[in-house]
Engineer: 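Can you read through this structure? Questions will come right after.
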Amino acid sequence: MSKKVGLIVPHDYKLLSIAAILEVFETANKLHSEGEKPFEIFVFQSSEQMEQEKLFNYKVNSIQSSDEKLGLVLIPAFTTDDMKGMIAKNSNFIPWLKKQHLFGAEIASFCTGAFLLGASGLLDEKSATTHVDACSAFNQSFPLVNLKPEETLTADGTLYTSGGSTSSFHLLILLVQKYCGNEVAVQIAKIFAIDLNRHKQSYFSTFRPNHLHNDILVAQLQHKIENEYSTIEKLEEITKDIPTSNRNMTRRFKQVVGIPPIEYLQNIRVESSKKYLEQTQLSISEIIEKTGYNDPKSFRKVFYKMVGMKPIEYREKFRVR
């Protein structure tokens, strides 16, 4: 019997994500030239959306009126950075997702689609990932979720999530493998030229400091770290002029920015070292010195932990030639 797969097409959906999901499942069906197709694909929108737009060549079902019980529900990525606004616009999908899950459906979110799944509460106490550059916002929005920023995908019970970009294909291939077997999954990986050996997404991350706040003291410390990171030996050196205790400063900084000052410093240094590795011919030793590290072993350890590969591997992969 074919697996009933429901793809939701919410407000602010990313067209590329929708297309990739449909293309992979349709390809899996085409590879079964004989007998019953493995997937029966349904597309769902809210009733008001259906009145406003016509989507591809698919028959679109209303989440308000359809009684279809699905085996697998798919949530695509979103185009917007305003995740709170996106969740508000798509709030009518949340009870529908909960109902489908209650009826036994597995649910998979792709990239920033994890925000809508997170808003349902189904991910609470579960492992999840999302686009690596959206992880900080996700963590602040859904602190009960066990976020795995470095993973390309997670599978926790009947819930699946993927990181950004090509990580979505890794999750799609996992789902195809589960329902169609390894042979079909490998065929699809070859058709879409997906590297099955990629397990981390952290080396695609870019640290983007959060300056959208009104805390003057936190902004002052951010400025000092960003401009003096190469010469800082101890954080106490640059916080002595800030009129508050180190303990209170650390608490405020983490509350506003999302991470403590020492981690902020590490991120700034690693981001700087990545640029040197990408854009210059400086030796690793010279880069270590320019980014404020005194101990090469410590630098390599921090770099590997945050990026997911060794500095020399990063240079080979991303150097601008």
Engineer: Between the side chain of Ser162 and the main-chain N/O of Cys111, is any donor-acceptor distance below 3.5 Å?
Structural biologist: yes
Engineer: Looking at Ser120 and Ile94, would you say the former's side chain and the latter's main chain have a donor-acceptor pair under 3.5 Å?
Structural biologist: no
Engineer: At their closest point, which heavy atom of Met86 faces which heavy atom of His11, and how far apart are they?
Structural biologist: CG-O, 4.4 Å
Engineer: Taking the side chain as C-beta and beyond, is there a heavy-atom pair between Pro76 and Ser168 under 4.5 Å?
Structural biologist: no
Engineer: For Leu144, look at atom CG and say whether over 12 heavy atoms of other residues, nucleotides or ligands are found less than 6.0 Å away.
Structural biologist: yes
Engineer: What class does the angle between the rings of Phe39 and Phe25 fall in, given that below 30° is parallel, 30 to 60° is tilted and above 60° is perpendicular?
Structural biologist: perpendicular
Engineer: Do the charged groups of Lys275 and Glu278 touch, with an N to O distance under 4.0 Å?
Structural biologist: no
Engineer: Mind checking side-chain contact (heavy atoms from CB on, under 4.5 Å) for Gln255 and listing every partner two or more places apart, or none if nothing turns up?
Structural biologist: Arg251
Engineer: Taking the ring centre of each residue, are Phe115 and Phe78 less than 6.0 Å apart?
Structural biologist: no
Engineer: Can you label the angle between the Phe192 ring and the Phe169 ring as parallel, tilted or perpendicular, going by 30° and 60°?
Structural biologist: tilted
Engineer: State whether a side-chain donor-acceptor pair under 3.5 Å links Glu286 with Ser283.
Structural biologist: yes
Engineer: In the structure I gave you, are the side-chain heavy atoms of Phe299 and Ser273 within less than 4.5 Å of one another anywhere?
Structural biologist: yes
Engineer: With the side chain counted from C-beta on, respond yes when Asp124 and Val145 share a heavy-atom pair under 4.5 Å apart, and no when they do not.
Structural biologist: yes
Engineer: Should the heavy atoms of other residues, nucleotides or ligands under 6.0 Å from CG of Asp295 be counted, would the total exceed 12?
Structural biologist: yes
Engineer: List the steps and the verdict of side chain to side chain contact (heavy atoms under 4.5 Å, CB included) for Leu277 and Ile284.
Structural biologist: CA-CA 8 Å; Leu277 290 166; Ile284 301 297; 3.6 Å; yes
Engineer: Give, for atom CG of Leu16 and atom OG1 of Thr79, the distance between the pair rounded to the nearest 0.5 Å.
Structural biologist: 12.0 Å
Engineer: Does a donor on one side chain sit under 3.5 Å from an acceptor on the other, for Tyr229 and Gln266?
Structural biologist: no
Engineer: Crowded around Lys254 NZ? As in, over 12 foreign heavy atoms under 6.0 Å?
Structural biologist: no
Engineer: Over all heavy atoms of both residues, which pair between Leu70 and Phe44 is shortest? Give the atoms and the distance, please.
Structural biologist: CD1-CE1, 3.6 Å
